[in-house]
Amino acid sequence: MNKAGIIGYGVSIPHYRIKTTEIARVWGKDGEHIAAGLGVKEKAVGSFDEDSATIAVEASRRAVKMAGIDAQKIGAIYIGSESKPYAVKPTAATVADALMAGPDLMAADYEFACKAGTAGIQTCMGLVKSNMIDVGLAVGADTAQGLPGDALEFSAASGGAAFLIGREKCIADINHTYSFTTDTPDFWRRQHEEFPMHAGRFTGDPAYFKHVVSAAKKMLEIAKTKPSDYAHVVFHQPNGKFPVRVGQMLGFSKEQVQTGLITPVIGNTYSGASMIGLAAVLDIAKSGDRILCVSYGSGAGSDAFDLTVTSEISKHKPVAKVQDLVADKEYIDYAVYVKHRRKLKSL
Amino acid sequence: MKEALPLMWRNIPERYNLLGSRCDTCGKNYFPQRKVCPNCRRKGKLVEAKMPETGKIVSYSEVFVAPTWFDHETPYFLAIVELDNHATLLTQVVDSKREKIKEGARVELLFRRIYEDSPEGAIAYGYKFKVVS
């Protein structure tokens with residue numbers, strides 16, 4: 001069987017930030033307490049003219065530049081998002097035209113809450129390994145919605161990452177992948193509803209922890225590895241606390257989790273969250289580093305990936321490092337946030 | 001918007017990817033595309049060319065009273081940008097701190113929503129620029 005791996009990646013994080021304490025001020029809550037409890041001090045806010053399509057395009061352009069390929073080589077594009085600009089009209093087609101990758105390619109949008117982007121990586125792996133395409137593009141991008149005043153509003157953020165999957169000149173080989181899926185109603189958004197609903201504390205143990213732990217354990221079993229074999233581990237990060245706790249449950253140290261933990265400074269970017277974490281790890285990874293990445297999508301499922309960084313990584317520098325994008329910011333207050341995220345009826 | 005849809009669709013190559021024209025006779029670049037090189041006239045040979053994604057602000061203005069579809073965005077910055085191949089274009093400058101928007105400031109291409117006439121209408125995407133420090 002052919003191999004499949006990452007040949008390039010790109011990230012897009014909006015310029016604007018709102019602090020957890022500013023959101024709490026409006027709702028009369030203790031901001032410092034909430035920020036400490038969630039492990040999220042601020043979140044990235046997509047501006048008025050940004051949506052999951054614009055974020056997907058900007059991340060994808062960076063991925064293509066990093067890989068140094070002609071976009072015409074891309075044979076498939078899959079966009080994972082739960083905040084599509086259109087209910088019916090593919091973001092993947094917009095991304096294809098914005099990259100000048102079309103028209104000879106497969107394209108579709110995926111939805112699986114926060115793990116639709118990693119589902120796209122798996123699809124591209126299958127197409128590459130079976131020789132149906134040479135290069136596939138998988139994107140996770142969201143402008144996540146949170147009902148004003150709801151707990152989700154403190155973390156639901158905007159951002160995304162794009163990964164080009166190919167078989168030649170891989171900066172990281174994807175050795176194995178495994179998914180764990182069950183019907184678990186922990187978070188959802190009904191048709192025509194603007195904001196999602198969630199099941200409060202139920203979103204922890206039977207949802208996030210059960211799926212991430214099950215997928216990670218099975219991945220270690222398939223790869224015949226143990227936690228100490230990995231230089232870095234990246235988990236889906238709905239807040240700053242869950243990834244550290246699930247790491248401890250699986251036997252990973254705080255240091256192994258730290259580099260890929262970006263949610264504390266940009267919030268939960270949903271489909272983008274674990275993929276931005278993986279990009280942050282690849283930004284500093286060295287040849288030979290082993291990486292475990294486990295996404296999580298409510299509803300519910302986890303995709304696990306066992307990767308090995310190759311010597312190619314020294315030849316392909318990211319166009320924009322995650323930490324540089326995190327640092328490029330401007331704070332806004334709640335009123336401006338409401339305008340940018342169109343939370344007023346007139347917008 | 002329904003009436004403008006064909007126009008929006010025809011503008012996709014220009015708005016998504018800065019596809020302009022280059023005259024193979026004199027080497028000048030034009031954006032948007034032209035049918036005739038104003039420099040060479042009938043001796044000119046125009047070919048489709050992708051414009052560079054970086055340039056500098058030549059002139060700018062802060063808009064406080066906006067046309068239809070842009071009124072929620074005020075105040076915002078419009079600028080004439082000279083791209084690295086000397087073609088010029090009119091664009092919004094976003095994601096940039098006010099004090100950084102000035103003549104000569106280096107800018108780079110972004111992909112953004114340009115307008116939508118209603119919540120149920122089609123969305124027009126295209127180019128905007130941001131100041132790079």
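Letters A, B, ... mirror the listed sequences (proteins, then strands); counts begin at 1. In what follows, every heavy atom counts, from backbone to side chain, and hydrogens, waters and symmetry copies are set aside.
Listed by sequence position, B/Val94, B/Asp95, B/Ser96, B/Lys97 are the residues of residues 93-101 of chain B in contact with chain A, using a 4.5 angstrom heavy-atom cutoff. When the heavy atoms of residues 11-48 of chain B are compared with those of chain A, the residues falling under 4.5 Å are B/Ile12, B/Tyr16, B/Asn17, B/Leu19, listed by number.
The number of heavy atoms from other shown groups lying within 6.0 Å of NZ (B/Lys50) is above 12. Heavy-atom contacts from other residues, nucleotides or ligands closer than 6.0 Å to CE of A/Met197 number 12 or fewer. For A/Lys329, the NZ atom sits in a packed shell: over 12 heavy atoms of surrounding residues, nucleotides or ligands are nearer than 6.0 Å.
Taking chain B as the reference chain and counting heavy-atom pairs below 4.5 Å, the highest number among A/Ile55, A/Thr54, A/Asp328 is found for A/Thr54.
B/Phe111 CZ to A/Ser60 OG: the interatomic distance, rounded to the nearest 0.5 Å, is 10.5 Å.
Judged as a ring pair (Phe, Tyr, Trp, His ring centres under 6.0 Å), and not counting sequence neighbours, the contacts of A/Tyr16 are A/His340. Judged as a side-chain contact (heavy atoms from CB on, under 4.5 Å), and not counting sequence neighbours, the contacts of B/Ala66 are B/Val63, B/Phe70, B/Thr74, B/Tyr76.
Using a 4.5 Å cut-off between heavy atoms, A/Thr94 contacts chain B through both its backbone and its side chain. In this structure, chain A has a heavy atom under 4.5 Å from the side chain of B/Glu53, while its backbone stays farther away.
Contact between B/Glu108 and A/Arg62 at its shortest, heavy atoms only, is OE2-NH2, 4.4 Å. Of all the heavy atoms in B/Arg113 and A/Phe48, the pair that sits closest is CD-O, 4.2 Å.
B/Glu116 has a carboxylate O that lies under 4.0 Å from a charged side-chain N of A/Arg342, or vice versa, which qualifies the two as a salt bridge.
Residues A/Asp51 and B/Tyr125 are in side-chain contact: their nearest non-hydrogen atoms beyond the backbone lie under 4.5 Å apart.
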